[in-house]
Asker: 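One structure is given below, represented as structure tokens, and several questions about it will come after.
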Amino acid sequence: MMRLVVIVGLLASGVAAQPLTFSDDLRPILAGACFGCHGKREHEGGIDLESAASAQDLRGDPETWSRALARVDGGFMPPASAPALHDQDRADLVRGLRHLLAGEGKPRAGTPTLRRLGRFEYARTIRALLGTPVDARRALPPDAKGYGFDNMGDTMFVSPLLMERYAEVTEQLLDEVFSDEKRRAALLGADSPPDDPDERAAVLRRFMSRAFRRPASDEEVAGRSELVETARRGGDDTTEAMRAGVKSVLLSPNFIFRVESRPDGHPAGEDWPLDDWALATRLSYFLWSTMPDARLFALARDGKLREESALVAEVTRMLDDPQSRALADRFAAQWLGFDAIKTKSVEVWRFKKNRFHQLRGVMYEEAARAFDDLVRRDRPATLLLDSDETWLNAGLAKHYGIAGVKGQQMQLAKLPDRRRGGVLGMGAILSTTSSDLRTSPTVRGKWVLETLLGTPPPPPPPNAGALPADDKPGKDGLTLRAQLEQHRKDKKCAACHAQIDPLGIALENFDPTGQWRDKLHGAPVESSTVLANGRKIAGPEELRGWLVTQKDRFTRNLIERLLTYAIGRPLALYDAPVVDSIHARAVASGYRMRVLIEGVVLSYPFLHRGGP
Amino acid sequence: MTDRFRQITRRTVLRGAGATLTLPWLAAMTPDLDRLGAAPPAPLRLACLFMPNGVLPSHWTPKSDGGNYTLSPSLEPLAPVKQHVLVLTGMRNKKSHFGEGHYTKTAALLTGEAIRKTGGTNLRNAVSVDQLAARHVGETTRLASLELGIDPVRPVVDMGFSTVYGGHVSWRTPTTPAPKEIDPRRAFDRLFRTLRTGSADLSVLDLVREDARRLRRKVGQADRNKLDEYLESVRALERRVEAWTKRRPVGLPPASPTSPNDHAAHVDLMLDLIVTAFRSGATRIASFMFGNAVSGKGFSFLDGVNGGHHHLSHHQNKPDLKRQYQLINRWHVAQVAKMLQRMREIPDGDGTLLDHSMVFFASGLRDGNRHDPNNLPVLLGGGAGGRLVGGRHVKLRMHTPLCNLHLTMLRCLDVPVESFGDSRGIVKEILRG
């Protein structure tokens, strides 16, 4: 039976959200705002929204409707040339469509593709397992990325190149471990390998159970034992033979991949709850980007990890641990894109190249610490949008024109004015969203929409043209801003650029290195603008003022990004209710960072796995 | 003259890399090459070179055609090797036409297939021409193929396409790109240094293969595909281990990583590596990406250019931008010309390395300003063992499938295929007799 009533986050939010129906609530809004161009008579862009008469019709064409949802949510539709859509109607439409599209069934685990250890995860895991440092960048080729992250199973390819690197790195690692008495003893459990074959097998079993992140099976241990004993009979000394056994563990798919296999006898096509070992592994790679520690293994062995109270306690313990800095370095750096600052080039002397080059690492640290601090002290995630303090050292403070910060150490400093605050005042963000020779209001605006708010603008048409590489006024005497405005007059460009550009123009006081400027080529910087909704804003402070009003869009997006990173698959329409319920908890807690993270860990798709 | 230039280039690299690199390693290695033993007599080699962002059409296509044509401004650097190059006009890659932007046109350049629009799940392309060739002729060489590039793949979904598409022209399977090596030092080590292996290595690999098979039974289909990728990689590794145990190891300077900051020097090294790999018989198949799709690489190192590649490609018909864009096109051609010259200097069998090679060079777009996918800029250098007749600008019938050329190259390599992509036959016009 088809039910037309949509229940929106009712239980979780506690906020009195009215149930919306397709025919009574959504269709009238659609009729007023959309059918004029996307109806039965006119179907611009091949889109007809009028023919869907019921919620079922709508679910029958998820591609069209999720695109419509994204366009309305991001404010790209209806275009400025059409009658404006009232804010409340827009909110209702987004809420209602999201839930109709999600369906009304139970949450689903989805099928994340088998993930291998990414190169940074590999390095950290090896360090935990063998006590040996590995320079990931040097040792292994970069991982491809999907959906913004390099830990998505779909794009974690395995290639001959990678396999060769694993083989060689493993060889180097074993050289180091076996030539270092302490490490060798830690691995073998004694100064020299045991004389008794059974004891050797026991050593292997212990090592394998850590490396595979679950108890090794008798069959698996027997295979290694046989390898070791055969090598001994062939004339290798015992240490050398054990080394081959260890090598076969480090090259095994059970080590290289994070296996989450279906329990024996579980019916195909149905979700299953992860066992304790797989859960410990998911949790550990989510929060620490490395293998589980002794305590997590102990909880898994005792079968206790799946108890909610134990899980919550572990999240707290793990976030308190310094290793949770991985969330800043692996999650936030990829989400916000500030990992790119380390290799950012600013081409010309105009931007005092040398000093900038030195500052790149500090800028990275400013952004990473900002995120890490929210995790560590459980502060509101919305502080990323605006804040009255930031992490600086003397060099970066000088670059920013802030007095009173001394020394090379990063320190949390109160900002003296409202120019900066939150990620939009950070050099790492301002610079990675700039071209080499100029700022790019369009790229910065797109970054705000896509990265912060989760509503990327649609792609430009191929013949859209591009702005010059430099911001010196061209031969036609037009400034960059004037050229942008000209671009926006073009009707086919206007719908999106009216949304995008103002968000970047408000940041024009920051040059491509993130330094404040009042003038550009002798003329005053113009950073006053009008947002697409008619709101007038001037400069970064007022932009942040508007952004804070979008904090629910922002936190929703952050939850979606966190969940994607944690479970290793892109989110689907059916995930919307899960995101809603985490979001509702976040709202109730004042957007506390740990509530978001805990919500992800306790969510159905994190605790389950599905698959054919 | 050439040698002098190359020395200077290497010094530039050393400066760029700081103090980490103490040896001009490629030169240091040359005497050792001879100890590798001579390659089998003059097998045919294939290099596929990709240039991002298209060309300025007015300065690309020569005005006249046939054997007596005059090189266009962008092709002028080919002058010293003109008789070894075919300039091909009129080809298109039909299945790359759908969709916006560069990605469809990059990932499809060597596959002739329409890619699936996705941000990362269910990538879909086809096996690329170089990889198909490698399957057939790669069995006998240390590496079946060599994939090199300059840019890492960036972490974004752009216009709904995973940048995996824009970062790879070589595809081993329809779902798996062949990752490219961008660090010249590591690429070199992979080609020429002994893979360090213990005595029990083959049994170690047997064991991990057994693990994978056991695992395969316990997981779903998508995961099985992943494990198959793993198994295939283990097999490739095994082959290398076996090959090395038969060969005397070559003594070479120990690895010290470097990644030149200098784009020109980086490209020069990578192309040099391909030539060296061909010369030594380490592989017969190579691909190289001058940049990823939409590369914004700064070209201010060229006189008269100030800005990034992609920006300048969208020249909006402004004369100054067009001029700069054209200089970048020309620079790419000059690098190809330099590579062909090097290959011509290397004796190989009864001729030169260039005589026994095919060097394919193309962009997935014609006019970068409009993303025009028709009449692609394509060059084919080398003699293919006497099969190709160079020195000509060949105007093919408009819209000749690019896959016809791919099929022709495969046939030259004696790969027994009937067709490739949307091919409708071979390009007879470029073949002898």
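Side chains are part of it too, since the values below use all heavy atoms of this structure and drop only hydrogens, waters and symmetry mates. Throughout, protein chains are lettered first and strands after them, A, B, ... in sequence-line order, and every chain is numbered starting at 1.
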Asker: Is atom CZ of Arg67(A) surrounded by more than 12 heavy atoms (other residues, nucleotides or ligands) closer than 6.0 Å?
Answerer: no

Asker: List the atom of Ala144(A), the atom of Val164(B), and the distance in Å for their closest heavy-atom pair.
Answerer: CB-CG2, 3.7 Å

Asker: Taking every heavy-atom pair that is under 4.5 Å apart, which of Ala241(A), Pro263(A), Ser248(A), Pro457(A) has the most such pairs with chain B?
Answerer: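 Ranked by heavy-atom pairs under 4.5 Å with chain B, first place is Ser248(A).
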
Asker: Mind running side chain to side chain contact (heavy atoms under 4.5 Å, CB included) on Met163(A) and Tyr230(B) for me, showing each step along the way?
Answerer: CA-CA 8 Å; Met163(A) 210 59 223; Tyr230(B) 170 89; 3.9 Å; yes

Asker: Please report the closest heavy-atom contact between Val204(B) and Ala244(A), naming both atoms and the distance.
Answerer: CG2-O, 3.6 Å

Asker: Nearest 0.5 angstrom please: Glu229(B) CD to Leu162(A) CG, how far?
Answerer: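 So the CD of Glu229(B) and the CG of Leu162(A) are separated by 10.0 Å.
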
Asker: Heavy-atom cut-off 4.5 Å, strictly under: side chain, backbone, both or neither for Ser313(B) against chain A?
Answerer: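 Nothing of Ser313(B), per the 4.5 Å heavy-atom cut-off to chain A.
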
Asker: For chain A, find which of Leu227(B), Leu231(B), Leu215(B) contributes the most heavy-atom pairs closer than 4.5 angstrom.
Answerer: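 Looking at each option in turn, the highest pair count goes to Leu215(B).
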
Asker: Are the side chains of Leu114(A) and Val219(B) in contact, using a 4.5 Å heavy-atom criterion?
Answerer: no

Asker: Name the option with the most non-hydrogen atom pairs under 4.5 Å to chain B; the candidates are Met152(A), Arg224(A), Arg116(A).
Answerer: Arg224(A)

Asker: Can you tell me how far CG of Asn254(A) sits from CG of Asp211(B), rounded to the nearest 0.5 angstrom?
Answerer: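 Atom-to-atom, Asp211(B):CG and Asn254(A):CG are 5.0 Å apart.
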
Asker: Just jot down the ring-ring contact (aromatic ring centres under 6.0 Å, His included) partners of Phe331(A), sequence neighbours excluded, or say none.
Answerer: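 Per chain and number, Phe331(A) pairs via ring-ring contact (aromatic ring centres under 6.0 Å, His included) with Phe149(A), Trp335(A), Phe371(A), Tyr565(A).
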
Asker: Excluding sequence neighbours, so at least two apart, what forms side chain to side chain donor-acceptor pair (under 3.5 Å) with Glu219(A)?
Answerer: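 Partners of Glu219(A) by the side chain to side chain donor-acceptor pair (under 3.5 Å) criterion, ordered by chain and then number, come out as Arg214(B).
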
Asker: Using a cut-off of under 4.5 Å on heavy-atom pairs, state which of Ala178(B), Pro177(B), Ala144(B) scores highest against chain A.
Answerer: Pro177(B)

Asker: Just give me the residue among Thr230(A), Thr155(A), Thr113(A), Leu161(A) that pairs up with chain B most often, heavy atom to heavy atom, under 4.5 Å.
Answerer: Leu161(A)

Asker: Only one of Lys180(B), Glu232(B), Arg172(B), Glu147(B) passes side-chain contact (heavy atoms from CB on, under 4.5 Å) with Ser159(A); say which it is.
Answerer: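 Of all the options given, the one that passes is Arg172(B).
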
Asker: List the atom of Pro160(A), the atom of Ser233(B), and the distance in Å for their closest heavy-atom pair.
Answerer: N-OG, 3.4 Å

Asker: Could you tell me which portion of Phe257(A) (side chain, backbone, both or neither) has an atom closer than 4.5 angstrom to a non-hydrogen atom of chain B?
Answerer: side chain

Asker: At a heavy-atom distance under 4.5 Å, which candidate from Met156(A), Glu260(A), Arg115(A), Glu226(A) has the highest pair count against chain B?
Answerer: Met156(A)

Asker: Evaluate the side-chain proximity of Phe157(A) to Pro179(B): yes if any heavy-atom separation is below 4.5 Å, no if none is.
Answerer: no

Asker: Using a cut-off of under 4.5 Å on heavy-atom pairs, state which of Gln324(B), His315(B), Lys218(B) scores highest against chain A.
Answerer: Lys218(B)

Asker: How far apart are the closest heavy atoms of Lys226(B) and Asp154(A), and which atoms are they?
Answerer: NZ-O, 3.6 Å

Asker: Do the charged groups of Asp223(B) and Arg609(A) touch, with an N to O distance under 4.0 Å?
Answerer: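 Arg609(A) and Asp223(B): salt-bridged.
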
